[in-house]
Structures are given as structure tokens and as C-alpha cells.
Amino acid sequence: MEQIFFYIFAVIAVVTAIAVVSVRNPVHSALYLIVCFLQVAAIFILLRSPFLAAVQVFIYVGAVMVLFLFAVMVLDVGKESFSEHMHSQAIPAVITVAGLLAVAVWLISTGSLTAPLGPYTEEALSKNTEVIGKALYTQYIFPFEVVSLLLLIALIGAVVLVLKDKGRGAGRRP
Amino acid sequence: MTLNHYLILSFILFSIGVAGVLLRRNIIIVLMSLELIFNSVNISLAAFAYYLKSITGTVFVVFNITVAAAEVAIGLAILVAVYRTRKTVNVEELKDMRY
């Protein structure tokens with residue numbers, strides 16, 4: 001049963017991901033990306049991480065994609081006016097992707113992608129959110145603070161970047 | 001269901017994202033492809049966390065999502081600033097450091 005659901009989610013995720021990079025209209029791209037993110041959230045649930053699934057839906061589907069759609073519509077870049085076909089980069093790009101896939105297949109087939117088992121048991125991990133919360137506020141408190149500072153910097157940086165022109169104009173007045 | 005299933009899915013999504021970054025000229029779609037890459041990495045981290053019975057991968061996904069949100073905010077702010085001065089989102093026309 002789990003396998004069937006995994007394949008459903010995986011196939012939809014891959015198909016929509018291909019659609020994201022291949023359709024011409026950025027708005028359609030963004031909508032396909034939303035579907036892809038929802039499939040990824042479902043895969044997080046298959047991995048017994050409901051907290052991650054909720055965060056994925058809130059932040060990616062809620063915040064990030066709204067930002068993207070907002071940018072697409074504010075900038076009015078609708079359908080691309082410039083011709084966009086497979087251009088001179090196509091062959092190097094295909095070679096790069098094929099090389100990446102070859103490395104991936106080699107890594108997976110040799111089974112070298114592994115690590116020592118962690119300390120948690122199955123039933124401890126079934127209370128996933130509680131375990132994450134405890135780890136986040138004890139073991140990982142320093143990265144947590146750093147990342148919150150990073151978010152603050154990003155917030156201020158975004159505001160400064162967008163308001164730059166107005167700020168300069170106001171500053172010139174003596 | 002084994003770890004390899006999730007890793008293969010993650011690698012496929014990663015490759016699609018890299019292909020999008022390399023092939024598309026619209027900077028918005030390049031940013032969306034970057035989000036796809038972030039997501040593929042998140043899948044593999046969560047899969048490792050589940051199959052290795054560890055919490056590190058899960059915590060790292062939370063940090064990863066935070067960094068991705070910050071990246072999108074800054075990226076789209078830069079995009080808006082660039083579009084105001086250059087009136088284009090074509091990556092191939094955005095090749096000068098100063099305007």
C-alpha cells in the first residue's frame with residue numbers, strides 16, 4: 001500500500017517538475033511547482049515526518065510560491081517576449097545532467113551512501129514533532145539562533161533592496 | 001520501500017532542477033528550479049533521517065527550509081531591483097556587473 005502511494009507521489013512529482021522547467025509561461029510553471037511541492041509534502045508523510053510536511057505546506061506552498069506568483073504578476077513577465085528555445089547551452093547542460101545521474105547511479109549501486117545508525121528507536125521517532133522540538137532547542141540551539149538571525153538579515157535585506165531608489169532620492173534632498 | 005527508492009527520486013528531481021537552471025533563460029524559472037533542487041535535497045535528508053533512525057536529517061531539513069525562504073526573499077528582491085533598472089528577466093542580457 002505504502003509502495004503504491006510512494007509511486008503515485010513520485011511520478012506526479014517528477015512529471016510536474018519536468019513541466020516546471022519546460023512550460024513557457026512562468027505562471028504555469030509556478031502552479032506546477034505548487035503541485036510538485038505538495039507531492040514532496042506527501043512524501044515527507046510517507047517518511048513519518050508530519051512536522052516536515054506541515055512546514056513544507058506552510059512555507060513552500062504558502063509563502064514561497066505566493067512570493068513567486070507575486071513577482072511574476074508584478075513584473076508582468078507573463079509569456080516570454082524573447083525567443084526561448086534550446087539554445088547553445090543545451091548540449092553542455094545535457095552532458096552535465098547525464099554526468100550527475102551517472103555519479104548518482106554509481107553511488108547508489110555501490111551502496112556507499114550510508115552512515116552509522118542514530119540513537120532513536122522507532123517509537124521515539126513516531127512522536128516526531130516532540131523529538132524535533134527537543135533536539136532543536138537543546139542539541140541544535142546554536143544553529144537555530146544563527147538561522148533566525150539569517151532570516152532577520154534576509155528580511156531587512158529584501159526591504160532595503162526593493163526600496164533602494166526611494167531611499168536614495170530622499171537622501172539627496174539637503 | 002527502501003532508502004534507495006527515495007534517493008533515486010531525490011536524484012531525479014535534482015537533475016531536473018539542474019537542467020532547468022542550465023537550460024532556461026527566464027530568471028524566475030531559474031529561481032524556481034533552484035527551489036526544486038532544495039526540495040530534492042530535503043527529500044534525501046528526510047529519507048536518511050528516517051532510515052538511519054536519526055533526527056539530524058530532519059532538523060537539517062528545517063534549517064534548509066528556512067535558508068530557502070531567505071534565499072527566495074532576497075532573490076526576488078534582487079529580481080525586482082534588476083527588472084526596474086534593466087526591464088528584462090532574460091539571463092543572457094544580465095551579464096554586466098554595473099549598469
Side-chain angles (χ1 to χ4, degrees), chain A residues 2-3 6 10 13-14 17-18 20-21 26 29-30 33 36-37 40 43-44 47-49 52 55-56 59 63-64 67-68 71-72 75 77 80 82 84 86 89-90 93 96-97 100-101 104 108 113 115 117-118 120-121 125 131-132 135-136 140 143 147 150-151 154-155 157-158 161-162 164, chain B residues 1 3-9 11-20 22-26 28-29 31-33 35-36 39 42-43 46-50 52-56 58-59 61-63 65-74 76-81 83-84 88-90 92:
Chain A
E2 193 183 335
Q3 205 151 8
F6 172 78
V14 170
I18 291 173
V20 168
V21 300
S29 248
L33 197 55
C36 188
F37 284 166
V40 174
I43 283 169
F44 283 153
L47 288 169
R48 315 290 192 281
S49 303
L52 286 186
V55 168
Q56 170 90 6
I59 295 184
V64 169
L67 258 182
F68 266 115
V72 171
L75 297 188
V77 283
E80 290 143 35
F82 43 91
E84 174 149 9
M86 295 292 128
Q89 275 182 350
T96 310
V97 171
L100 270 175
L101 272 179
I108 289 179
L113 281 178
L117 279 183
Y120 293 91
T121 57
L125 281 180
V131 179
I132 293 174
L136 209 54
Y140 296 98
V147 107
L150 180 84
L151 259 188
L155 179 75
L161 273 171
V162 174
K164 208 172 175 184
Chain B
M1 291 319 314
L3 175 60
N4 281 354
H5 285 83
Y6 291 98
L7 287 184
I8 290 168
L9 170 67
F11 276 127
I12 291 173
L13 286 180
F14 188 89
S15 305
I16 295 171
V18 171
L22 292 175
L23 283 173
R24 296 303 300 256
R25 291 179 189 165
N26 189 332
I28 293 182
I29 294 182
L31 281 172
M32 286 186 201
S33 304
E35 292 307 309
L36 232 108
N39 263 279
N42 286 350
I43 290 177
F48 273 120
Y50 174 60
L52 297 177
K53 301 203 182 345
S54 159
I55 203 73
T56 314
T58 316
V59 173
V61 172
V62 176
F63 291 146
I65 290 177
T66 321
V67 173
E71 175 255 331
V72 166
I74 292 292
L76 289 177
I78 292 176
L79 179 63
V80 170
Y83 189 78
R84 273 187 196 157
T88 180
V89 287
N90 188 345
E92 302 208 334

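Chain letters run A, B, ... following the sequence lines, proteins first and then strands; every chain starts at 1. Below, all heavy atoms of this structure are taken into account, side chains as well, without hydrogens, waters or symmetry copies. Only a predicted model underlies this, so the values are computations on that prediction, with no experimental measurement involved.
Annotation for A:Pro26 and B:Ile29: closest pair CA-CD1, 4.3 Å, computed over non-hydrogen atoms. In terms of heavy-atom proximity, B:Ala70 sits nearest to A:Ala154 at CB-CB, 3.5 Å. For the pair B:Leu22 and A:Ala93, the tightest heavy-atom approach, listed with the atom from each and the gap, is CB-CB, 3.6 Å. Across all their heavy atoms, A:Glu2 and B:Tyr6 have their closest contact at OE2-OH, 4.1 Å. Contact record, B:Gly20 with A:Val21: CA-CG1, 3.5 Å, taken as the closest heavy-atom pair. Scanning both residues, A:Val162 and B:Arg84, for their nearest heavy atoms gives O-NH1, 2.6 Å.
The candidate from B:Val72, B:Asn39, B:Leu79 with the greatest count of non-hydrogen atom pairs under 4.5 Å with chain A is B:Asn39. Interface remark: of the candidates A:Leu155, A:Val131, A:Leu101, A:Ile108, A:Ile108 forms the most heavy-atom pairs closer than 4.5 Å to chain B. Among the candidates A:Val20, A:Ile59, A:Leu52, A:Ile43, the residue making the largest number of heavy-atom pairs closer than 4.5 Å to chain B is A:Leu52. Comparing A:Gly157, A:Pro143, A:Ala13 by heavy-atom pairs within less than 4.5 Å of chain B, the highest count is held by A:Pro143. Of the residues considered (B:Val18, B:Asn4, B:Ile65, B:Ile78), B:Ile65 shows the highest number of contacts with chain A, using heavy-atom pairs under 4.5 Å. When the candidates B:Leu36, B:Thr58, B:Ile55, B:Leu9 are compared by the number of heavy-atom contacts under 4.5 Å with chain A, B:Ile55 comes out ahead. Contact count versus chain A (heavy atoms, under 4.5 Å) is highest, among B:Leu7, B:Val67, B:Thr56, for B:Thr56.
Heavy atoms closer than 4.5 Å to chain A are found in both the backbone and the side chain of B:Glu35. Looking at A:Phe44, only its side chain comes within 4.5 Å of chain B, counting heavy atoms on both sides. When heavy atoms are compared at a cutoff of 4.5 Å, B:Phe48 approaches chain A solely by way of its side chain, counted from C-beta outward. Contacts of A:Phe68 with chain B are made by both backbone and side-chain atoms, with heavy-atom separations under 4.5 Å. Both the backbone and the side chain of A:Leu47 come within contact range of chain B, with heavy atoms under 4.5 Å apart. At a 4.5 Å heavy-atom cutoff, A:Ala63 makes no contact with chain B through either its backbone or its side chain. For a residue to count as touching a neighbouring chain, one of its non-hydrogen atoms must lie under 4.5 Å from one of that chain's; by this rule A:Leu100 touches chain B with the side chain only.
B:Thr66 places none of its side-chain heavy atoms less than 4.5 Å from the side chain of A:Leu150. The shortest distance between side-chain heavy atoms of A:Val40 and B:Ile43 falls below 4.5 Å. Taking 4.5 Å as the limit, every side-chain heavy atom of A:Tyr140 sits out of range of all side-chain heavy atoms of B:Val62.
With sequence neighbours left out, the ring-ring contact (aromatic ring centres under 6.0 Å, His included) criterion links B:Phe63 to no other residue.
Atom CE of residue B:Met32 and atom SG of residue A:Cys36 lie 12.0 Å apart, to the nearest 0.5 angstrom.
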